[in-house]
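The figures that follow rest on heavy atoms only: side chains count, while hydrogens, waters and symmetry mates do not. Lettering follows sequence order; numbering is per chain, from 1.
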Number of protein chains: 2
Amino acid sequence: MAAMASKSQRAPRRTEALSRDVIVQAAVAILDAEGEEALTLRALTVRLATGYGAIYHHVADRDDLLGAATDHVIGRVVADTGGVGKPREALRSVAAGLFDAIDAHPWVGAQLTREPWRPALLDVYESVSANLHALDVPERAVPDSAGALVNYILGVAGQNAANARALAASKMDRETFLANVAARWAQLDPLRYPAMHKAGQHLREHDDREQFLAGIDLILAGIAAVNRG
Amino acid sequence: MAAMASKSQRAPRRTEALSRDVIVQAAVAILDAEGEEALTLRALTVRLATGYGAIYHHVADRDDLLGAATDHVIGRVVADTGGVGKPREALRSVAAGLFDAIDAHPWVGAQLTREPWRPALLDVYESVSANLHALDVPERAVPDSAGALVNYILGVAGQNAANARALAASKMDRETFLANVAARWAQLDPLRYPAMHKAGQHLREHDDREQFLAGIDLILAGIAAVNRG
DNA sequence: ACCTGAACACCGTTCAAGT
DNA sequence: ACCTGAACACCGTTCAAGT
């Protein structure tokens, strides 16, 4: 009743000061809860109880915000895992840490690829290169080797993001979604698509994280083999 | 003058029938010329001299069209290169063919990752798996090995797309753009980013396509090494 | 300096109406 | 069956105006 007394009541406004960091955290929360396309400027103004201009005062545009959110998630992963243990273990743990972060925040997978010059990926490259160096990979072989690892990680990251989007769009639970994918593959013509047909039959026993790490090991074995010869 | 006689003259309409294929080709032309964000429904109606409904009659929505355009570009690459020569050469030539297609149509790189269940990627997986099989990779090792190769290719594809977008946005020519990237890397603190700092100094001698193929060879060497042991 | 929110230009998509 | 194009719901972004 009291609220109705004055016409055209304002929405309650926030009292604490806004900052780039507060905005980035709100963006991450929206992205985690509802995915990339749910991150609209309107949704942000509602969640932060503020106006458009306030957000644009701290952030250049939507892409800048998406990039900052990605850096926010990836930054600590690399810092926490890059220098731990022997180089081979450190490499595996950077990779696993990235996989887990992208699994928890699938939108990061799409974003990492989109703006590769951002700090997030720079840190990944640097950490991978440093560990390869520690593994006694010859200096001139480091860039190609690091590129193979990082690009592989980016590929998996992108696939994860796509899968998460598809899973969300399907509105099925994870179990039935995977069963559906397997069924679609199994239905493929076994003459035209023998490998995929077969893969459809074995999807149950498949673990994404294990396969990801197997790929890392494969590439590390390749790096070792090439530099031995 | 004659045109002015009747008020509210209609835009000239196409005489030939519209088809999904004609629409896909127009989409590819727009994507190649101006990039992904230039592909608007409005731009399509103008180019095809038709209305929105005509397009939606042949195509589910914008994502469907983007996917069909990707299949259009990738489909023939795999068909043309997958079965040529010895398995190792066939594998290299599928990879190189994909690289060249993505280099010529950078938007494909972003799209391939976005909808991985589409025919485009299915064909790639199948071709890679078949050639690994022909390389005598043990059956149970094929999925992980194919995954490593395909995800690596997708990672590079995504980077290529991002680079093309950045190059277009910068409005520099390729030469000065690369020089700028190199300069930015070279400016990085050599203590915090020693590897990237060094990479900035060698970017001139760097060939993306060579590095891509070096990565393929690295992974193939890894596959061979893991299955030998 | 920091914030408000109406207004602008532009999307993808729909659908009643036409042939 | 195939096509038209006004209309709708919704974007990101701007900017005159407020504190």
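- For DNA chain C, the stems formed by at least three consecutive Watson-Crick or G-U pairs, with both atom-pair distances below 3.5 Å, span C:4-8 with D:12-16, C:12-16 with D:4-8.
- The side chain of A/Tyr52 lies closest to C/dG5 when the candidates are C/dG5, D/dG5, D/dT4.
- For the pair A/Ser129 (side chain) and A/Tyr125 (backbone), a donor-acceptor distance under 3.5 Å is present.
- Of the two residues near DNA chain C, B/Thr40 and B/Gly53, the one whose nearest nucleotide lies more 5' is B/Thr40.
- Partner of B/Phe99 under the side chain to side chain contact (heavy atoms under 4.5 Å, CB included) criterion, out of B/Ile216, B/Ile153, B/Asp208: B/Asp208 alone.
- Contacts with DNA chain C (heavy atom under 4.0 Å) in residues 54-70 of chain B: B/Tyr56, B/Asp61, B/Arg62, listed by number.
- Computed from coordinates, the A/Leu48 CG to C/dC2 P distance equals 16 Å when rounded to whole Å.
- With A/Glu126 contributing its side chain and B/Met196 its backbone, the two residues share a donor-acceptor pair below 3.5 Å.
- Looking only at distances, a side-chain donor or acceptor of A/Asp71 sits under 3.5 Å from a matching main-chain atom of A/Ala120.
- As a whole-Å value, the separation of B/Arg42 CZ from D/dT4 C1' is 13 Å.
- Close placement of the B/Phe212 and B/Tyr152 rings is indicated, their centers lying within 6.0 Å of each other.
- Annotation: side chain of A/Leu39 is in contact with side chain of A/Arg62 (closest heavy-atom distance under 4.5 Å).
- At the heavy-atom level, A/Leu44 lies nowhere under 4.0 Å from the strands shown.
- Remark: the B/Asp21 side chain and the B/Gln25 side chain contain an N/O donor-acceptor pair separated by less than 3.5 Å.
- Between C/dC3, D/dG12, D/dC3, one nucleotide has an atom nearer to the side chain of A/Leu41 than all others, and that is D/dG12.
- Going from atom CD of A/Glu37 over to atom P of D/dA9 covers 19 Å, rounded to whole Å.
- Residues A/Asp123 and B/Tyr193 have side chains that bring a donor and an acceptor to within less than 3.5 angstrom of each other.
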